[in-house]
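To start, the structure under review is shown below, and the notes come after it.
Numbering of ligands and ligand atoms starts at 1, following listing order.
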Amino acid sequence: MSLRNVVLLGATGSIGQSACRVARDLPDRVRIVGMSGFRNMPRLAEEANRLRPEVLAVPDAEAEAELRTKLDYAPAKIFTGEEGLVSLASWPSADMVLVAIVGTGGLRPTLAALEAGKDIALASKEVLVMAGEMVMATARRHGRRILPVDSEHNAIFQCLEGRDTRHVRRLILTASGGPFRSWPGEQLRAVTRQEALRHPTWRMGEKITIDSATLFNKGLEMIEARWLFDVDITRIDVVIHPQSIVHSMVEFVDGSVLAQMSHSDMRFPIQYALTWPDRIAGTLPPLEWAKLGKLDFEEPRYDVFPALDLARQAAERGGAASAVLNAANEVAVAEFLAGRIAFPRIWEIVAAVLDSTGGTAADLDALLEADREARERASVLARS
Ligand code: NAD
Ligand code: MG
C-alpha cells in the first residue's frame with residue numbers, strides 16, 4: 001500500500017474537482033502536492049485550503065495576488081504563466097501528474113512531466129490527439145506510464161490488465177450519443193447553446209459537452225485510443241450505448257469480449273488511475289443490476305454526425321492531420337459557445353480546414369505550427 005504524490009493540473013475543472021474528492025476520500029493513498037487553476041481563484045483557494053498542496057500555479061501575477069488573499073496557509077511556491085505549469089508538472093516531490101486541462105494547454109506540461117520522470121494520469125485527450133506519437137515516444141524513452149482517465153480508455157485499460165494488444169481484434173468505444181442522438185438531422189441547424197450543453201448522462205466541462213453533442217468527443221477518443229494502445233485506427237469501432245454504463249469493450253481474436261461497467265461518475269476512472277495497480281475499497285456506489293433493467297446498443301448515425309468519419313480520415317492521413325482536426329474543432333466549439341455560428345458549422349468548419357491544411361508531425365514546432373494555422377483558418381471560416 002503506497003501513497004502516491006500527485007500534481008493536479010486543472011484542479012478547478014470538472015475532472016479536477018472529482019479528483020480532489022477522490023484525494024479527500026483516500027488520504028492514505030493520494031496526496032495532492034501541487035495544483036493549478038486558470039480562472040476561478042476562489043475555487044482554487046478552497047481546494048488548496050482543504051488539501052494543502054506544497055505548490056500552486058496560476059496564469060499571472062494578478063491571479064497570484066487574488067489567490068494569496070484567500071489562502072489560509074503559505075505554500076512553498078506559487079508559479080505563474082505557461083512556464084509555471086511546466087515547473088509545477090516537474091515538481092520534485094511528485095510521482096504522478098494528473099493532466100485535466102481542457103484543450104491542448106496540457107501538452108507541454110505533459111512532456112515536461114515525462115522528462116522529469118513522472119507517470120501521467122491523462123484526462124486531456126487533446127494532448128494525444130495533437131501529439132500522440134511524440135507523447136507516447138517520450139513516455140517510452142523515459143520508462144514512464146500514461147494511465148488513461150478518459151472513461152472509455154480507462155475501461156479498455158482495465159480489460160487489458162496491462163497486457164499488450166496482440167490478442168485483440170477490435171477496441172469498441174461506447175458513446176452515449178449525446179443530447180441529439182435521435183433528432184432528425186435537419187433540426188440540428190436550430191440547436192441552441194443550452195440544448196447542446198444538456199448532456200443526458202455526464203456532467204462535464206463545456207467544451208467536452210459540446211464535443212459529446214457533435215460526436216467529435218468520440219472521434220477524438222478514437223485517435224486517443226489509437227496512440228494509447230498502439231492499435232491501428234481500422235481496428236477501433238464505436239457503438240452507441242445511451243445508458244453510459246458499459247464504458248468500453250475489448251474484443252479478442254477468439255471472439256470473446258470484455259467490458260468494464262460502473263455508474264457514469266468520473267471518480268471511478270480517476271481513482272483507478274491514481275491508485276493503479278491496486279483496487280481500493282472506497283466510497284463509490286456499486287451498480288444495482290435489477291434497477292438498471294436493460295442496456296441498449298445501436299449503430300452511430302454516421303451521415304448525421306460526420307465527426308466520426310472526419311476523425312477516422314485524420315488518423316488515416318497521419319502527419320499533423322489529427323492536430324489540425326483538433327485545433328479547428330477547438331476554435332469552432334468556442335465560436336458556437338459564443339453564439340457566433342450554428343451547430344452544424346462546427347463539423348463543416350473542421351471538414352473545410354482539414355481539407356485545406358497539411359503539415360507534418362516531424363517535431364513539436366511543426367505540430368504547433370500546424371495547430372496555429374488550423375486555428376487561424378477556422379477563425380476566418382467562422383466569420384465568413
Ligand atoms: P473544465 O472546463 O471543467 O476544466 C478545465 C480546467 O482546465 C480548469 O481547471 C481550467 O482552469 C483549466 N484551464 C482551462 N484553460 C486553461 C489554460 N489555457 N491553461 C491552463 N489551464 C487551463 O473541463 P473538464 O470537463 O474537467 O475537462 C478537462 C479535460 O478532461 C478535457 O480535455 C476533457 O476532454 C477531458 N475529459 C473530461 C471528462 C469529464 O467528465 N469532464 C471526461 C473525460 C475526459
Ligand atoms: Mg470519454
Checking [Y] against [X]: is there a side-chain donor and acceptor pair closer than 3.5 Å?
X      : Y      : value
Lys125 : Asn326 : no
Thr201 : Ser244 : yes
Arg31  : Ser93  : no

Salt-bridge present ([X], [Y]; N to O < 4.0 Å):
X      : Y      : value
Arg181 : Glu298 : yes
Arg189 : Glu348 : yes
Asp119 : Arg4   : no
Arg43  : Glu47  : no
Glu251 : Arg235 : no

Out of the candidates Thr283, Leu51, Val30, only one should pair with Arg24 under the side-chain contact (heavy atoms from CB on, under 4.5 Å) rule; please name it.
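Result for side-chain contact (heavy atoms from CB on, under 4.5 Å) with Arg24: Leu51.
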
Under 4.0 Å from ligand 1, residues with heavy atoms, in chain and number order, are Gly10, Ala11, Thr12, Gly13, Ser14, Ile15, Phe38, Leu85, Ala100, Ile101, Val102, Ala123, Ser124, Lys125, Glu126, Asp150, Met204, Gly205, Ile208, Met266

Tell me, which protein N/O/S atoms are under 2.8 Å away from the Mg ion (ligand 2)?
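Under 2.8 Å from the Mg ion (ligand 2) - ignoring waters, which are not counted - the protein N, O or S atoms are Asp150 OD1, Glu152 OE1, Glu221 OE2.
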
